[in-house]
Participant: 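Pasting a structure below so you can have a look.
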Amino acid sequence: MKALEGIKILDFTHVQSGPTCTQLLGWFGADVIKVERPGVGDATRKQLIDVPDADSLYFTMLNHNKRSIELNSKNETGKEVLTRLIEECDVLVENFAPGALDRMGFTWERIQEINPKLIMASIKGFGPGKYEDCKVYENVAQCAGGSASTTGFLDGPPLVTGAQIGDSGTGLHLCLGIVTALFQREKTGRGQKVSCAMQDSVLNLARVKLRDQQRLAVGPLKEYSQFGEGVPFGDATPRAGNDSGGGQPGRILKCKGWEQDPNAYTYFIVQAAVWEKVCDVIGKPEWKTREGYAKPPERLDKLNEIFAAVEDWTKTKTKYEVMEICNPLDIPVGPILSMKEISEDEGLFATGTMVKVDHPERGEYLSVGCPIKLSDSEVDVVRSPLLGEHTHEVLSDVLGYSGDDLKRVIDSGAVGEVKA
Ligand code: CAO
């Protein structure tokens with residue numbers, strides 16, 4: 001049995017943020033029915049194409065464990081089918097531009113009339129207010145959520161991060177909102193509206209930077225490298241380069257082979273509790289007792305010198321050797337892993353975090369499996385559906401259309417070309 005077995009999801013999502021959420025629900029066992037525009041489908045099916053005439057990796061990697069039904073929700077018969085889906089499903093998930101669902105005639109009030117038990121979950125770029133009508137993409141959210149202003153180096157421009165905290169990050173938040181609403185429905189019998197704004201989700205993930213914003217009011221942020229370097233602080237949380245977000249000084253340092261390999265680096269934290277071990281490992285035992293080095297606050301203005309010495313040592317080792325030497329000593333370090341290295345990591349395949357998936361159009365590809373492990377609800381990663389692959393199945397098995405009624409729906413053109 002899967003955790004969400006028996007729960008039906010009307011998946012009206014597209015691109016990345018919404019599909020991330022419904023894919024997780026599918027992995028937890030829900031029946032996810034993805035509604036797509038006839039003949040077109042989710043725009044990502046044809047974005048960043050690598051295999052001609054096949055669904056892109058962008059689409060396949062975000063839409064596992066779903067069924068696909070083609071449906072024109074602006075056509076009268078299409079609206080009838082959508083209404084039936086709303087009656088049958090437990091959750092409707094959508095991330096259209098603001099107002100799109102209303103324009104189709106499916107306001108929250110109308111949806112509640114159709115099915116008061118339905119949970120309706122929406123992602124928008126911004127919450128209610130000045131920007132509520134904006135269409136928003138990943139990097140806009142990273143910028144508006146405070147992440148970009150605090151990412152990068154002090155002397156450079158703001159930076160966005162490769163982790164999709166705006167899209168996938170918001171999808172994760174929405175997923176939690178949905179299962180929470182399902183839990184509450186067990187007691188109240190009522191559905192509710194779950195809303196996540198991408199700006200809010202990014203801000204939630206950048207929460208420690210708002211912590212620092214408030215600490216600035218009472219003095220400089222002593223754990224930031226710029227403090228030790230004597231660079232004055234402005235009135236906003238600055239970009240901190242690769243400084244660690246907590247109170248322990250950390251940096252990214254070169255390892256053996258860095259001249260050829262752009263990822264021959266390690267993260268290295270000079271944690272106060274293991275300072276003496278760090279001194280021994282890097283060949284600076286005298287720093288253990290020397291005045292100005294022995295105590296953490298005294299070291300803050302010497303971090304460049306200290307990390308230069310650590311780097312002189314890390315440059316003599318590979319990033320994996322650094323890990324092997326430091327881990328048993330509890331010195332926190334971490335190799336900078338490339339996507340190539342990750343895609344060859346047997347350990348990640350063993351846990352199901354990395355999976356190989358077979359696809360009829362494109363053959364085998366790699367994907368990230370479910371990162372959340374439930375001991376009593378195993379995840380089988382099932383390939384993404386072809387466009388409209390399950391239209392007939394959903395119309396007949398889920399919605400109960402048959403005979404002339406089914407023929408009427410198919411002939412109306414609302415559901416694309418139907419293969420029985
Ligand atoms: N049948 C008929 N019409 C359909 C349909 C279907 N099955 N599915 C979608 N449509 C229509 C929508 O109703 C909409 O029509 P109107 O403009 O007349 O209301 C139209 O298709 C386009 O939808 P959209 O505006 O949502 O799509 P877009 O490509 O213009 O914008 C995006 C994309 C992501 C910017 C926008 O959807 C958005 O801001 N979403 C919320 C925030 C979000 O999730 N952003 C992250 C996306 S991942 O990077």
Side-chain angles (χ1 to χ4, degrees), residues 10-23 33-48 56 58-59 61-63 66-86 92-107 110-111 120-128 131-145 160-175 177 194-202 385 387-388 390-391 394-395 409 412-418:
L10 197 178
D11 179 8
F12 223 167
T13 69
H14 65 156
V15 202
Q16 184 183 162
S17 62
T20 300
C21 167
T22 50
Q23 176 168 260
I33 301 167
K34 185 167 173 111
V35 176
E36 300 185 77
R37 218 179 328 190
V40 184
D42 189 322
T44 59
R45 282 188 186 267
K46 297 296 165 241
Q47 272 173 23
L48 308 175
S56 70
Y58 196 3
F59 178 82
M61 290 176 71
L62 285 159
N63 290 284
K66 301 182 184 179
R67 302 202 260 183
S68 164
I69 165 171
E70 285 175 281
L71 186 67
N72 181 351
S73 55
K74 287 182 172 166
N75 155 311
E76 274 318 304
T77 312
K79 285 185 195 201
E80 172 201 315
V81 176
L82 191 59
T83 304
R84 287 283 301 114
L85 276 165
I86 292 171
L92 184 163
V93 193
E94 64 93 20
N95 68 311
F96 288 126
L101 213 54
D102 294 357
R103 287 191 287 279
M104 284 178 206
F106 291 91
T107 59
R110 174 75 191 118
I111 287 169
M120 173 165 146
S122 299
I123 290 177
K124 300 291 166 244
F126 293 95
Y131 302 120
E132 65 187 23
D133 291 330
C134 297
K135 289 189 175 186
V136 168
Y137 289 98
E138 173 66 46
N139 288 346
V140 176
Q142 287 199 26
C143 294
V160 293
T161 163
Q164 305 283 282
I165 56 176
D167 279 341
S168 289
T170 309
L172 277 163
H173 281 86
L174 193 73
C175 190
V194 180
S195 307
C196 283
M198 293 167 73
Q199 180 186 38
D200 301 7
S201 299
V202 170
L387 178 61
H390 307 96
T391 302
V394 171
L395 288 174
V409 171
S412 74
V415 291
E417 240 180 81
V418 179

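In listed order, ligands and their atoms are each counted from 1.
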Participant: Identify the protein heavy atom lying closest to atom 23 (O) of ligand 1, giving its residue, its atom name and the separation to 0.1 Å.
Facilitator: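 Protein heavy atom with the smallest distance to atom 23 (O) of ligand 1: Phe96 CD2, 4.2 Å.
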Participant: Using non-hydrogen atoms of the residue, decide whether Gln164 is closer than 4.0 angstrom to ligand 1.
Facilitator: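 No.
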Participant: For atom 49 (O) of ligand 1, what is the nearest protein heavy atom, given as residue, atom name and distance?
Facilitator: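 Protein heavy atom at minimum distance: Asp167 OD2, 2.7 Å.
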Participant: Which pair of heavy atoms, one from Phe126 and one from Gln199, lies closest together, and at what distance?
Facilitator: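 In terms of heavy atoms, the two residues are closest at CD2-OE1, 3.3 Å.
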Participant: Does some non-hydrogen atom of His14 fall short of 4.0 Å from ligand 1?
Facilitator: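 Yes; His14 lies near enough to ligand 1 that a heavy-atom distance drops under 4.0 Å.
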Participant: Out of all atoms in ligand 1, which are within 4.0 Å of some heavy atom of Ala100? Include the element for each.
Facilitator: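 Selected atoms, number and element: 19 (O).
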Participant: Kindly check if the number of other-residue, nucleotide or ligand heavy atoms within 6.0 Å of CD (Glu417) is above 12?
Facilitator: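 No.
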Participant: Identify, for atom 13 (O) of ligand 1, the protein heavy atom at the shortest distance, and state residue, atom and that distance.
Facilitator: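 That would be Met104 CE, 3.1 Å.
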Participant: Tell me which one of Ser73, Ala97, Pro19 gets a heavy atom nearest to atom 36 (C) of ligand 1.
Facilitator: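 It is Ala97 whose heavy atom sits nearest to atom 36 (C) of ligand 1.
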Participant: Run the numbers for me: atoms of ligand 1, each under 4.0 Å from some heavy atom of Asn72, listed by number.
Facilitator: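 Near Asn72, the atoms of ligand 1 are 1 (N), 2 (C).
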Participant: Flag yes if more than 12 heavy atoms outside Tyr131 fall under 6.0 Å of its OH atom; otherwise flag no.
Facilitator: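 Atom OH in Tyr131 is not packed in, count stays at 12 or less.
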Participant: Taking both backbone and side-chain atoms of Ser17, is any N or O found less than 3.5 Å from an N or O belonging to ligand 1?
Facilitator: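 There is such a contact, yes.
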Participant: Heavy-atom distances under 4.0 Å are what count here, so tell me which part of Ile123 touches ligand 1: side chain, backbone, both or neither.
Facilitator: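 Within the 4.0 Å criterion, Ile123 contacts ligand 1 through backbone and side-chain atoms alike.
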Participant: Could you tell me whether Asp42 and Lys34 have a side-chain N and a carboxylate O separated by less than 4.0 Å?
Facilitator: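 Salt bridge between Asp42 and Lys34, a charged N being under 4.0 Å from a carboxylate O: yes.
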Participant: Could you find the nearest protein heavy atom to atom 29 (O) of ligand 1 and give me its residue, atom name and distance?
Facilitator: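 It is Tyr137 OH, 4.3 Å.
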Participant: Tell me the protein heavy atom at minimum distance from atom 21 (O) of ligand 1, and give that distance in Å.
Facilitator: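 Closest protein heavy atom to atom 21 (O) of ligand 1: Arg37 NH2, 3.3 Å.
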Participant: Between Cys21 and Gly171, what is the shortest heavy-atom contact and its length?
Facilitator: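 For Cys21 and Gly171, the tightest heavy-atom pair comes out as CB-O, 3.3 Å.
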Participant: Tell me the salt bridge (charged side-chain N to carboxylate O under 4.0 Å, His left out) pairs involving residues 69-80, sequence neighbours left out?
Facilitator: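 Residue pairs passing salt bridge (charged side-chain N to carboxylate O under 4.0 Å, His left out), neighbours aside: Glu80-Arg408.
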Participant: Select the closest option to atom 14 (C) of ligand 1 among Lys74, Gln16, Arg103, judged by heavy-atom distance.
Facilitator: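 The option holding the nearest heavy atom is Lys74.
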Participant: Before giving the answer on side chain to side chain contact (heavy atoms under 4.5 Å, CB included), spell out for Lys124 and Val136 the whole-Å C-alpha distance, their side-chain angles and the decisive distance to 0.1 Å.
Facilitator: CA-CA 7 Å; Lys124 300 291 166 244; Val136 168; over 6 Å; no
Participant: For atom 45 (N) of ligand 1, what is the closest protein heavy atom, and at what distance to 0.1 Å?
Facilitator: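 In this structure, atom 45 (N) of ligand 1 has Val136 O, 2.7 Å as its nearest protein heavy atom.
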Participant: Which option wins on minimum heavy-atom distance to atom 41 (C) of ligand 1: Thr170, Asn95, Val15?
Facilitator: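 Nearest option to atom 41 (C) of ligand 1, by heavy atoms: Asn95.
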Participant: Starting from atom 7 (N) of ligand 1, what is the nearest protein heavy atom, named by residue and atom, and what distance separates them?
Facilitator: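 Result for atom 7 (N) of ligand 1: Leu71 O, 2.8 Å.
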Participant: Heavy-atom distance under 4.5 Å between the side chains of Ile123 and Thr170, does that happen here?
Facilitator: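 Sidechains of Thr170 and Ile123: in contact.
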Participant: Within a strict 4.5 Å, meaning less than it, do heavy atoms of the His173 and Cys196 side chains meet?
Facilitator: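 When only atoms from C-beta onward are counted, Cys196 and His173 do touch, with a gap below 4.5 Å.
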Participant: Got a donor-acceptor contact below 3.5 angstrom from the His14 side chain to the Asn95 backbone?
Facilitator: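 Flag set: sc His14 to bb Asn95 pair under 3.5 Å.
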Participant: Atom 30 (O) of ligand 1: which protein heavy atom is closest, and how many Å away?
Facilitator: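 Among all protein heavy atoms, the one nearest atom 30 (O) of ligand 1 is Lys135 NZ, 2.4 Å.
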